[in-house]
Chemist: 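There's a structure below that I have some questions on.
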Amino acid sequence: MKSRRRWAWIAGIIAVAAAALLMVWLPFRSEDPMLTAQAAEQAVLEQYPGKIEETKLENGYYELQLRSETGLYHVVLDARLGTVDSIRQVEVTEEKKPKTLQSREQVKAALQKRTDGKIDKLELVQQKGKQVYEAVIKQKDGSRQEVIVDPYTGETLSIRNIQPQSKPPGKDDKDDKTAQLLTEAEASKLALAKIPGVVDDVELRRRDSEIPYYLIEINLKDGREATVEINAISGAVRSVTWDDDEPDDDDE
């Protein structure tokens, strides 16, 4: 009998001790440190690349707005454990459409609407690592402007007045003109003198350290097509190409 009482007394002590221990442990467990907002954002970015646009703490969880290349995501993170509880996409990023390079004819037509002058030159060139259309426009007063056009949007990027070059001593007007590029009209006239027909297209081409030249497409009455290459400085016929035939080279 005494033995039973003793064991009951021991069991009671153990129960009281366990209850006391639980009361002491629970406050410490409930007060585990929570991650800071910065730490929470870092924990998310380590798993999902992007940019955090918004972070808020609610009921022991961080709710974050994550912007990535594919869209906007709602992320829920345990503020104490630092683990992602859920992630949900709320917005999809529209795919970027590839840029389309405008043709020379499109740019020329749009540029002509914006000026009263005459477009003497228009070519696609590399400028500071980017493709641009470079145009030279002759105004009614005789002045010239260099216009740089975005090849994708057709927007005018810059306009610069071209100062006429001073003539070297001993040079007359005739000598000075030969140092300038031929206009499209002048080049076309020379090409038609070689191949009579109707000019369909004129394009000026120029590469680094090379003499610029015009490519002039001519339609003949018999249905054939010819491309005449004209030296843009001297006016010499460099070659004549018939449809897909090999070019007939002439001296410059």
Chemist: With rounding to the nearest 0.5 angstrom, report the OH to OG distance, Tyr213 to Ser239.
Modeler: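 Separation between the atoms: 9.0 Å.
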
Chemist: Decide whether Leu57 and Tyr61 are clustered together by the hydrophobic rule: side chain heavy atoms of Ile, Leu, Val, Met, Phe, Trp, Tyr closer than 4.5 Å, transitively.
Modeler: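 No, because Leu57 and Tyr61 fall into different hydrophobic clusters, even though each may have its own neighbours under 4.5 Å.
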
Chemist: Applying side-chain contact (heavy atoms from CB on, under 4.5 Å), name anything that partners Ala232, two or more places apart in sequence or on another chain.
Modeler: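 So Ala232 forms a side-chain contact (heavy atoms from CB on, under 4.5 Å) with Leu181, Leu204, Pro212, Tyr214.
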
Chemist: Restricting to pairs with a member in residues 105-115, which pass side-chain hydrogen bond (donor to acceptor under 3.5 Å, both in side chains), not counting sequence neighbours?
Modeler: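 Residue pairs with at least one partner in residues 105-115: Ser103-Gln106, Lys108-Glu184, Arg114-Thr156.
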
Chemist: Could you tabulate the donor-acceptor pairs under 3.5 Å formed by side-chain atoms of residues 195-203, not counting sequence neighbours?
Modeler:
residue, atom, partner, partner atom, Å
Glu203, OE2, Arg205, NE, 3.4

Chemist: Using side-chain hydrogen bond (donor to acceptor under 3.5 Å, both in side chains) as the criterion, list what pairs up with Thr70, not counting sequence neighbours.
Modeler: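 Per chain and number, Thr70 pairs via side-chain hydrogen bond (donor to acceptor under 3.5 Å, both in side chains) with Ser68, Tyr73.
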
Chemist: Quick check for you: to the nearest 0.5 Å, what is the distance between Leu77 atom CG and Leu66 atom CG?
Modeler: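 Here the interatomic distance stands at 12.0 Å.
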
Chemist: Between side-chain atoms of residues 131-141 and protein atoms elsewhere (two or more places apart, or another chain), which donor-acceptor pairs fall under 3.5 Å?
Modeler:
residue, atom, partner, partner atom, Å
Tyr133, OH, Gln102, O, 2.8
Tyr133, OH, Arg104, N, 3.3
Glu134, OE1, Lys121, NZ, 3.0
Glu134, OE1, Arg206, NH2, 3.1
Gln139, NE2, Gln145, OE1, 3.0
Asp141, OD1, Ser143, N, 3.0
Asp141, OD1, Ser143, OG, 2.7

Chemist: Applying the 4.5 Å side-chain criterion to the ILVMFWY set and letting contacts propagate, would Ile148 and Ile119 be lumped into a single cluster?
Modeler: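 Different clusters: Ile148 never reaches Ile119 through Ile, Leu, Val, Met, Phe, Trp or Tyr contacts under 4.5 Å.
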
Chemist: State which residues pass side-chain contact (heavy atoms from CB on, under 4.5 Å) with Glu53; sequence neighbours excluded, sorted by chain then number.
Modeler: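 Partners of Glu53 by the side-chain contact (heavy atoms from CB on, under 4.5 Å) criterion, ordered by chain and then number, come out as Gln65, Arg67, Leu72.
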
Chemist: Before giving the answer on side chain to side chain contact (heavy atoms under 4.5 Å, CB included), spell out for Leu157 and Val149 the whole-Å C-alpha distance, their side-chain angles and the decisive distance to 0.1 Å.
Modeler: CA-CA 5 Å; Leu157 300 177; Val149 180; over 6 Å; no

Chemist: Establish whether Val147 and Val125 are linked, either directly or via other cluster members, by ILVMFWY side-chain heavy-atom contacts under 4.5 Å.
Modeler: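 No; tracing contacts between hydrophobic side chains, which count when under 4.5 Å, never links both residues.
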
Chemist: Residues two or more places apart in sequence or in another chain: which of them pass side-chain contact (heavy atoms from CB on, under 4.5 Å) with Leu190?
Modeler: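 Listed in chain order: Leu182, Ile230.
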
Chemist: Taking side-chain hydrogen bond (donor to acceptor under 3.5 Å, both in side chains) as the test, write out the residues that go with Gln126, two or more places apart.
Modeler: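 By the side-chain hydrogen bond (donor to acceptor under 3.5 Å, both in side chains) rule, Gln126 matches no residue at all.
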
Chemist: Got a sec, which residues hit side-chain contact (heavy atoms from CB on, under 4.5 Å) with Gln38, two or more places apart in sequence or on another chain?
Modeler: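 With sequence neighbours excluded, Gln38 shows a side-chain contact (heavy atoms from CB on, under 4.5 Å) to Thr36, given in chain and number order.
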
Chemist: Compare every heavy atom of Leu35 with every heavy atom of Gly82, then report the nearest pair and how far apart it is.
Modeler: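 Heavy atoms only, the tightest pair is CA-CD1, 3.4 Å.
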
Chemist: With respect to Val44, which candidate in Ile52, Ile87, Val76 satisfies the side-chain contact (heavy atoms from CB on, under 4.5 Å) definition?
Modeler: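 The passing option is Ile52.
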
Chemist: Can you pull the salt bridge (Lys or Arg N to Asp or Glu O under 4.0 Å) pairs that have at least one residue in residues 37-52, sequence neighbours excluded?
Modeler: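 Of all non-adjacent pairs touching residues 37-52, none passes salt bridge (Lys or Arg N to Asp or Glu O under 4.0 Å).
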
Chemist: Between Leu101 and Leu124, does a side chain to side chain contact (heavy atoms under 4.5 Å, CB included) hold up when you go through it step by step?
Modeler: CA-CA 10 Å; Leu101 190 71; Leu124 187 64; 3.9 Å; yes

Chemist: Would you mind listing every salt bridge (Lys or Arg N to Asp or Glu O under 4.0 Å) that reaches into residues 69-79, with sequence neighbours excluded?
Modeler: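 Counting only pairs at least two positions apart or across chains, no salt bridge (Lys or Arg N to Asp or Glu O under 4.0 Å) contact touches residues 69-79.
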
Chemist: Looking only at heavy atoms, which two atoms of Tyr62 and Ala40 are closest? And how far apart?
Modeler: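 Nearest heavy atoms, Tyr62 then Ala40: CD1-CB, 3.5 Å.
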
Chemist: Measure across Val84 and Tyr48 and return the closest heavy-atom pair with its distance rounded to 0.1 Å.
Modeler: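 Shortest heavy-atom separation between Val84 and Tyr48 comes out as CG2-CE1, 4.0 Å.
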
Chemist: Test: salt bridge (Lys or Arg N to Asp or Glu O under 4.0 Å). Region: residues 212-227. Which pairs qualify, not counting sequence neighbours?
Modeler: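 Those involving residues 212-227 are Asp222-Arg224.
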
